[in-house]
Amino acid sequence: MPEQTGIKPHSFSTRLNNLFWETYLGISTRGIVDVDHPDSYHYATMSYATIRRVLDFLSLKKDDVFTDIGCGKGRVLCLAARY
């Protein structure tokens with residue numbers, strides 16, 4: 001299915017890193033989930049490494065408000081909360 005959307009499957013090391021973070025955070029956000037909505041295709045995740053780079057770039061402070069619209073299973077929010 002990822003080939004149809006132009007999304008490349010994650011490498012083994014990326015999948016292993018994602019599994020580490022899922023275990024460490026005690027959450028389960030992996031996988032691709034079909035979405036039954038006319039303007040949507042499916043739910044898929046970004047790697048934790050990519051999310052961490054984005055959050056590092058944002059340089060969030062304690063009093064900042066972070067909003068993730070359409071947060072899916074909450075992977076980004078879980079990492080943002082740890083920042």
Side-chain angles (χ1 to χ4, degrees):
M1 199 178 311
E3 293 81 21
Q4 296 172 349
T5 62
I7 300 170
K8 292 188 228 176
H10 292 302
S11 69
F12 177 74
S13 62
T14 300
R15 289 193 314 266
L16 190 59
N17 182 270
N18 287 341
L19 179 60
F20 164 79
W21 279 104
E22 295 273 297
T23 303
Y24 178 75
L25 295 171
I27 60 176
S28 177
T29 64
R30 289 174 287 141
I32 295 175
V33 178
D34 289 331
V35 176
D36 186 23
H37 196 274
D39 65 347
S40 299
Y41 186 66
H42 65 263
Y43 163 84
T45 58
M46 280 195 297
S47 71
Y48 281 94
T50 299
I51 297 167
R52 290 176 59 87
R53 282 194 300 272
V54 169
L55 293 173
D56 286 341
F57 177 79
L58 291 174
S59 301
L60 298 173
K61 306 292 183 261
K62 274 187 153 186
D63 58 343
D64 287 339
V65 175
F66 182 88
T67 303
D68 183 7
I69 298 172
C71 65
K73 293 183 178 182
R75 177 179 281 198
V76 175
L77 289 176
C78 285
L79 279 184
R82 300 200 53 84
Y83 270 71

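Note that the structure is predicted; figures quoted are calculated from it, not measured.
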(message) Could you measure the distance from the CG atom of L25 to the SG atom of C78? Nearest 0.5 Å is fine.
(response)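 SG of C78 is found 6.0 Å from CG of L25.
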Minimum heavy-atom separation for [X] to [Y], with atom names?
| X | Y | result |
| --- | --- | --- |
| R75 | M46 | NH1-O, 2.6 Å |
| A49 | N17 | N-OD1, 4.4 Å |
| N18 | Y48 | OD1-N, 3.0 Å |

(message) Using the side-chain contact (heavy atoms from CB on, under 4.5 Å) criterion, which residues pair with Y24? Sequence neighbours excluded.
(response)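 Testing Y24 for side-chain contact (heavy atoms from CB on, under 4.5 Å), a comparison that skips the adjacent residues, returns F20, W21, R82.
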(message) Tell me every residue that passes side-chain contact (heavy atoms from CB on, under 4.5 Å) with L58, counting only those two or more places apart in sequence or in another chain.
(response)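 Only V54, L55, L60, F66 meet the side-chain contact (heavy atoms from CB on, under 4.5 Å) criterion with L58.
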(message) Does anything in residues 53-67 form a side chain to side chain donor-acceptor pair (under 3.5 Å)? List the pairs, not counting sequence neighbours.
(response)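 Every side chain to side chain donor-acceptor pair (under 3.5 Å) pair that includes a residue of residues 53-67, provided the two are not neighbours, is T50-R53, D56-Y83.
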